[in-house]
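The structure appears below as structure tokens.
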Protein chains: 2
Amino acid sequence: MNATHHHSGKHPAPKLSPNQSKILGCLREAGEPMSAYAILDHVRNDGIAHPPTVYRALNDLMKKGMVHRLESRSAFIACGDGACDGRFAFAICRACDKVVEIHLSKGDQTRLLGLAPAEIVPEQVTLEITGLCEACAPVQAAPV
Amino acid sequence: MNATHHHSGKHPAPKLSPNQSKILGCLREAGEPMSAYAILDHVRNDGIAHPPTVYRALNDLMKKGMVHRLESRSAFIACGDGACDGRFAFAICRACDKVVEIHLSKGDQTRLLGLAPAEIVPEQVTLEITGLCEACAPVQAAPV
DNA sequence: CATAAGCGTGATATAACATAACAGCCTCGG
DNA sequence: CCGAGGCTGTTATGTTATATCACGCTTATG
């Protein structure tokens, strides 16, 4: 699971440290959001033993656009694309925690940033849409 | 103007418990986001002494639409409108923490919900736009 | 009155999430 | 040799949130 030379193309060169690779590998294997401490539990085998080590790697991976944080759940997930430019959104099933990454078009991004009031110059967007996925819809009642 | 009939007009009847009133008052006085523990510090005078008391009131107030949670900061803020229907967004200055509540038009709401993939039926939107306000722009460099 | 149900609250304890601060070990360039 | 910088390890602590049980008050009922 060494992602050190992935395919070249859209994405900037990764250049990951050993710890970053381990943690990214863990998140990619899971394919779903994990809390920092859940990650820690899964990489103890790999010699990572303390929270700061995990958070350091996660923060570095987020700067590279390879991991995103789901604010509404305090959880982290690998970017479905390898890496992206920071303009993205998520749809999350409230019942099973399934996450779908939404790729925002240029137009979407512009419209979103345009919602900011004149007094604040927008830089970054956090957009998370919660709902119910196909599988969970039949067995759940609407709470809102 | 006590229209306790149905929820006529924009705002449903408040009917707050004493603790809810104290905590909403605290947030309204502040006019800015506060962490649950910052709120706790400010209402100790009023006889509230433990975290669960604060969280209980905050959760009730959020259900009523009178308080919102800023996911990206783990903070709470009084609704600028008294109460609203849950379709709103925030613009936040990353330097001074100033928050502006953005009221989404019907069209904005529809577009946002439309971003959800087919496999997840959207129910709720969390949109937070971080940037730099007029006052802070001159003295801050862009980090991203 | 007695009693039970329901609700808001008080209080203890602990869980879950995150970072500050410092120390060790490399490698690189002088 | 020596210092700078990058990455990691480690200890300790700070911050955010909830589970659980107990208490007192009001109300409905017999």
Side-chain angles (χ1 to χ4, degrees), chain A residues 2-4 13-27 30 32-64 66-77 92 94 97 126 128 130 143, chain B residues 13-27 30 32-64 66-77 92 94 97 99 126 128 130 143:
Chain A
N2 249 326
T4 35
K15 251 185 8 186
L16 301 181
S17 79
N19 279 353
Q20 288 163 23
S21 294
K22 289 172 194 166
I23 278 163
L24 180 57
C26 174
L27 275 174
E32 60 180 35
M34 298 178 74
S35 77
Y37 280 75
I39 294 170
L40 178 55
D41 285 342
H42 280 75
V43 294
R44 271 189 214 282
N45 310 321
D46 300 314
I48 294 176
H50 306 288
T53 306
V54 174
Y55 280 102
R56 271 196 290 243
L58 286 173
N59 287 330
D60 292 343
L61 289 166
M62 283 193 287
K63 277 185 198 146
K64 296 178 206 278
M66 305 179 76
V67 164
H68 309 309
R69 180 190 162 94
L70 298 179
E71 300 289 352
S72 62
R73 322 206 133 210
S74 297
F76 302 86
I77 189 167
I92 309 168
R94 66 174 157 83
D97 281 359
T126 299
E128 299 180 14
T130 303
Chain B
K15 250 186 6 186
L16 301 180
S17 80
N19 279 353
Q20 288 165 22
S21 295
K22 288 173 194 166
I23 278 163
L24 180 58
C26 174
L27 276 173
E32 60 179 37
M34 298 178 74
S35 76
Y37 280 74
I39 294 168
L40 178 55
D41 285 343
H42 279 77
V43 294
R44 270 187 215 283
N45 309 322
D46 300 314
I48 294 177
H50 306 287
T53 307
V54 174
Y55 281 102
R56 270 196 292 242
L58 286 173
N59 287 331
D60 292 343
L61 289 166
M62 283 192 288
K63 276 185 200 145
K64 295 179 208 278
M66 305 180 77
V67 164
H68 309 310
R69 179 192 162 92
L70 298 180
E71 300 289 352
S72 63
R73 325 206 129 209
S74 297
F76 302 87
I77 190 169
I92 309 169
R94 66 175 157 83
D97 281 1
V99 172
T126 299
E128 300 179 15
T130 303

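Letters go in sequence order (proteins before strands), and every chain restarts at 1.
- At whole-Å resolution of the value, CD1 in A/Ile23 and P in C/dA18 are 14 Å apart.
- Residues B/Gln20 and B/Met66 form no side-chain contact, since every pair of their non-hydrogen atoms from C-beta on lies 4.5 Å or further apart.
- In this structure, B/Leu70 CG and B/Ile77 CD1 are separated by 6.0 Å, a value rounded to the nearest 0.5 Å.
- Rounded to a whole Å, the CG atom of B/Leu16 is 16 Å from the C1' atom of C/dT9.
- Protein atom CG of A/Leu58 is 11 Å distant from nucleotide atom C1' of C/dA18, rounded to whole Å.
- Atoms OH (B/Tyr55) and P (D/dT20) sit 18 Å apart, rounded to a whole Å.
- Look at A/Asn19 and you'll find a side-chain N or O under 4.0 angstrom from OP1 or OP2 of D/dG9.
- Each of B/Arg69 and A/Pro18 lies near DNA chain D, and the nucleotide nearest A/Pro18 is the one positioned closer to the 5' end.
- Ring stacking holds between B/Tyr37 and D/dT16, with the centres under 5.5 Å apart and the planes within 30 degrees of each other.
- Rounded to whole Å, the distance from CG on A/Leu61 to P on D/dC7 is 12 Å.
- Applying the side chain to side chain contact (heavy atoms under 4.5 Å, CB included) rule to B/Asn19 yields the partners B/Ser17, B/Lys22, B/Ile48, B/Thr53; only residues at least two apart in sequence or on another chain are considered.
- The shortest non-hydrogen separation linking B/Arg94 to B/Arg73 is CA-NH2, 3.8 Å.
- Comparing atom distances between the B/His50 side chain and each of C/dT12, D/dG9, C/dA18 picks out C/dT12 as nearest.
- For D/dT16, the OP1/OP2 oxygens have no side-chain nitrogen or oxygen of A/Arg73 closer than 4.0 Å.
- Applying a 4.0 Å cut-off to non-hydrogen atoms, the residues of residues 38-48 of chain A that approach DNA chain D are A/Gly47, listed by residue number.
- The side chain of A/Pro52 lies closest to C/dA20, out of D/dT16, D/dC7, C/dA20.
- For A/Arg56, counting side-chain heavy atoms from C-beta on, the closest listed nucleotide (C/dG10, D/dA17, C/dA21) is C/dA21.
- If A/Ala75 and B/Ser17 are placed on DNA chain C by their nearest nucleotide, the residue sitting closer to the 5' end is B/Ser17.
- At a threshold of 4.0 angstrom between heavy atoms, the contacts of B/Thr53 are confined to the sugar-phosphate backbone, with no base atom among them.
- Atom CG of A/Asn59 and atom C1' of C/dA20 are 14 Å apart (whole Å).
- Residue A/Ser74 places none of its side-chain N or O atoms closer than 4.0 Å to OP1 or OP2 of C/dA16.
- One finds a side-chain N or O of B/Ser35 lying less than 4.0 angstrom from the OP1 or OP2 phosphate oxygen of D/dT16.
- Contact annotation: the side chain of B/Cys26 approaches that of B/Met34 to within less than 4.5 Å [non-hydrogen atoms, C-beta and beyond].
- Rounding to whole angstrom units, CG of residue A/Asp60 and P of D/dG6 are separated by 12 Å.
- Contact of the A/Asp60 side chain with the A/Val67 side chain is not registered, since no non-hydrogen atoms from C-beta on lie closer than 4.5 Å.
- For the atom pair CZ (A/Phe76) and CG (A/Leu58), the distance works out to 5.0 Å, reported to the nearest 0.5 Å.
- Using modelled atom types, one side-chain atom of A/Glu128 and one backbone atom of A/Glu71 make a donor-acceptor pair closer than 3.5 Å.
- Note: CG (B/Leu70) to P (D/dT15) measures 19 Å, nearest angstrom.
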